[in-house]
Amino acid sequence: MSNQSNPHELGDADFHSTVHSFEFWFEAVEGYLHGRPYGVSPSTKDVELDERQREGLITTLCNYCVGETAALEASSGMIRFAPDRHAKIFLSTQVVDEGRHLEVLLHRMAQLGVAEPEAEIEKRANRSLLKFKDRLLDFVDARDWEASVLAQNVILECLEFTVFRHHSGTADPVTADMLRGIVSDERRHMGFGENDLGRRLLMAPHTHDRLHKIKRELDTLVLDTFEETLGELGVDRAERPDLAGDYLAAVARLGFRS
Amino acid sequence: MADFLSNYSIQKWLESCPQGYLEDTVYGHGADEREPEELLKNEQFREAQIRTTVQLIAGERCALAASSGLINAAPDAASKTFLATQTLDEGRHVEIFTQRLFDLGIAQDDLESTIKTYINPNLGKFAEVLLEKVDKKDFVAGVVGQNIVLEGMAFSVFEMLHATSSDMNPKFAHTLAGTIADERRHVGFGENRIGELIRRYPEKKPEIERMQRDMTKHMLATFHDSFAASPLAAASPSVAPGARKSAGTYQGLNLAEASNEEMEGALSSVVLNEFKTRLGRIGLEYQSPV
């Protein structure tokens, strides 16, 4: 594979053809995936979890699978109506990233002794997250590019980025290692959302109001997801991390303030 | 089924494809490989190569739309993750064949108009039949159309182009070798996964066989038009005029001497035999469009 120079030194057209390419994707992921089967370094040692920890982790992983399945189905569905070939190629790299996330999460669940992951996910899935998934796929089915990019590459990716980053700081070593690889992918996906919507908002500022309305609706589901998940995990209110604040800050950094 | 699908995991794909046979390639070929000078200087041959490459891009765009569109309809996580790898494979194929058009001298701004000028309308109809099934989220018909019919056709076309270019255009041959390796994996998934689903839903057979018949009709018309449209280049599509004498063989035909009709006949025969064999393996009977 070729070595890419700094893409930020390129002009607009060259930037897009470079960043939204298989070559660029491969060079980006190779550093943190090479020699790491299922996203974990072979030298990372697993630790014994007690039953409460194991149950909590399985519930969390089940909900991560809901989010990643939503991202996989949405990003793949968006390819058909992506506005140009660079966006189509970028989304095809995102599809394989999301598929990989789902695969490594299911692999971790198998390591924890979950024999029927799909039944377990159905049993433990968070209601607000399922509603979020339905809304996201509504936008995709309606071929609404701007709403799909906002819901998928800004809101869902910021949600996952926030949660995975927090969790990787407290999780067992194998789960933490796996999550760090996922977070690296999410940064790239958020970059695409920021870049694509940023340019569109500059060209058509009137779309801002429409997207803000969608954001407000989805924010409610995201914040409910945090509450429900932390509640299910039995985390004491006083000890809960400020996921909502971090999520809103991450979305604001991409240009979408509350 | 779980054991079979584990062979199509993203982990296996990462190890065998981007970290395997694509290692050290740029747009699927060696960094120092170029289109032959003789080809670029001969306007008639260059145009024939542009026409051929446009058909490859059109086919790969259809495959990208189909494989990504089927993820939502896939019945289990393992099939979804396999289709995710196929989506990126097809996206890569679109990218490398598009890059070949640029290498053949097409300006980036002229890409879509060039495709519109040279695309074979029958190939468009072929894609429509498949994408109609994908739009209906019909997973079984979609995978047969995509991974048996479309990929079976692409596999044979790539092999023919590879045979005709391996000596004279190593860059294009190298690019094709990677796509052939990808298509082999896609066809394997189709055969293994769909056989089981066809046994479970036998009532779907007539509709799927109709789709195969329609796709085959448009495919044969595409072959006919393509060989007729590029009289000089069709029999030896990747080489310059002076090089044809040393071109190799394909299906027993001497490429330096074969006529367009002979090449069209050989390719059609190979693809139809592939269809019969692969459809038989999944419990379907090949339907002739004639």
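We name chains A, B, ... by the order of the sequence lines, and we start the count at 1 in each one. Just so we're clear, the structure is a prediction, and the values are computed from it rather than from any experiment.
For the residue pair B/Ala65 and A/Arg80, the shortest heavy atom distance occurs at CB-CD, 3.6 Å. Here the shortest heavy-atom pairing between B/Ile10 and A/Gly99 reads CD1-C, 3.1 Å.
Note on B/Ala74, B/Gly69, B/Ala77, B/Ser67: by heavy-atom pairs under 4.5 Å with chain A, the leading option is B/Ala77. Each of B/Leu64, B/Leu88, B/Thr85, B/Thr98 has some count of heavy-atom pairs under 4.5 Å with chain A, and the biggest count is that of B/Leu88. Listed options B/Asp89, B/Leu83, B/Asp135 were ranked by heavy-atom pairs under 4.5 angstrom with chain A; first place goes to B/Asp135. Per-residue counts of heavy-atom pairs under 4.5 Å with chain B were compared for A/Cys65, A/Ala74, A/Ser92, A/Pro117; the largest is that of A/Ser92.
Formation of a donor-acceptor pair under 3.5 Å by the B/Gln19 side chain with backbone atoms of A/Gly35 is not found in this model.
Within a 6.0 Å sphere centred on CZ of B/Phe102, heavy atoms belonging to other residues, nucleotides or ligands number more than 12. Shown here is B/Lys204, whose NZ atom has more than 12 heavy atoms of other residues, nucleotides or ligands within 6.0 Å. Annotation for A/Gln111: atom CD counts as buried by contact number, over 12 foreign heavy atoms lying within 6.0 Å. By the neighbour-count criterion of 12 heavy atoms within 6.0 Å, atom CD of A/Glu116 is sparsely surrounded, having that number or fewer from other residues, nucleotides or ligands. Under a cut-off of 6.0 angstrom, the local environment of CZ in A/Arg143 is crowded, with over 12 non-hydrogen atoms contributed by other residues, nucleotides or ligands.
With a threshold of 4.5 angstrom between heavy atoms, A/His107 does not approach chain B through any atom at all. Only the side chain of A/Asp141 comes within less than 4.5 Å of a heavy atom of chain B; its backbone N, CA, C and O stay farther away. Contacts of B/Leu111 with chain A are made by side-chain atoms alone, with heavy-atom separations under 4.5 Å and no backbone atom involved. Looking at A/Leu33, the atoms closer than 4.5 Å to chain B (heavy atoms on both sides) sit in the backbone and in the side chain alike. In this structure, chain A has no heavy atom under 4.5 Å from any part of B/Ala31. Heavy-atom distances place no part of B/Lys12 under 4.5 Å from chain A, backbone and side chain included.
With rounding to the nearest 0.5 angstrom, the OG atom of A/Ser75 is 7.0 Å from the CD1 atom of B/Ile71. The CD atom of B/Glu90 sits 10.5 Å away from atom CD1 of A/Ile79, with the distance rounded to the nearest 0.5 Å. Separation of atoms OG1 (B/Thr81) and CG (A/Leu106) is listed at 8.0 Å; rounding is to 0.5 Å. Atoms CD and CZ, on B/Glu23 and A/Phe26 in that order, are 5.0 Å from each other to the nearest 0.5 Å.
For the pair B/Ser9/A/Glu103, a side-chain contact is recorded, criterion being any heavy-atom separation below 4.5 Å from C-beta on. In this structure the side chain of B/Thr87 never reaches within 4.5 angstrom of the side chain of A/Val96, judged on heavy atoms. Considering only heavy atoms from C-beta on, A/Phe22 stays 4.5 Å or farther from B/Ile96 through its side chain. Side-chain contact between A/His34 and B/Leu14: absent, with no pair of heavy atoms (C-beta onward) separated by less than 4.5 Å.
For the pair A/Glu73 and B/Lys80, the salt-bridge criterion is met [side-chain N within less than 4.0 Å of a carboxylate O].
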Quick one: do A/Glu118 and B/Asp76 satisfy side chain to side chain contact (heavy atoms under 4.5 Å, CB included)? Show the steps, please.
CA-CA 9 Å; A/Glu118 285 173 17; B/Asp76 53 73; 4.1 Å; yes
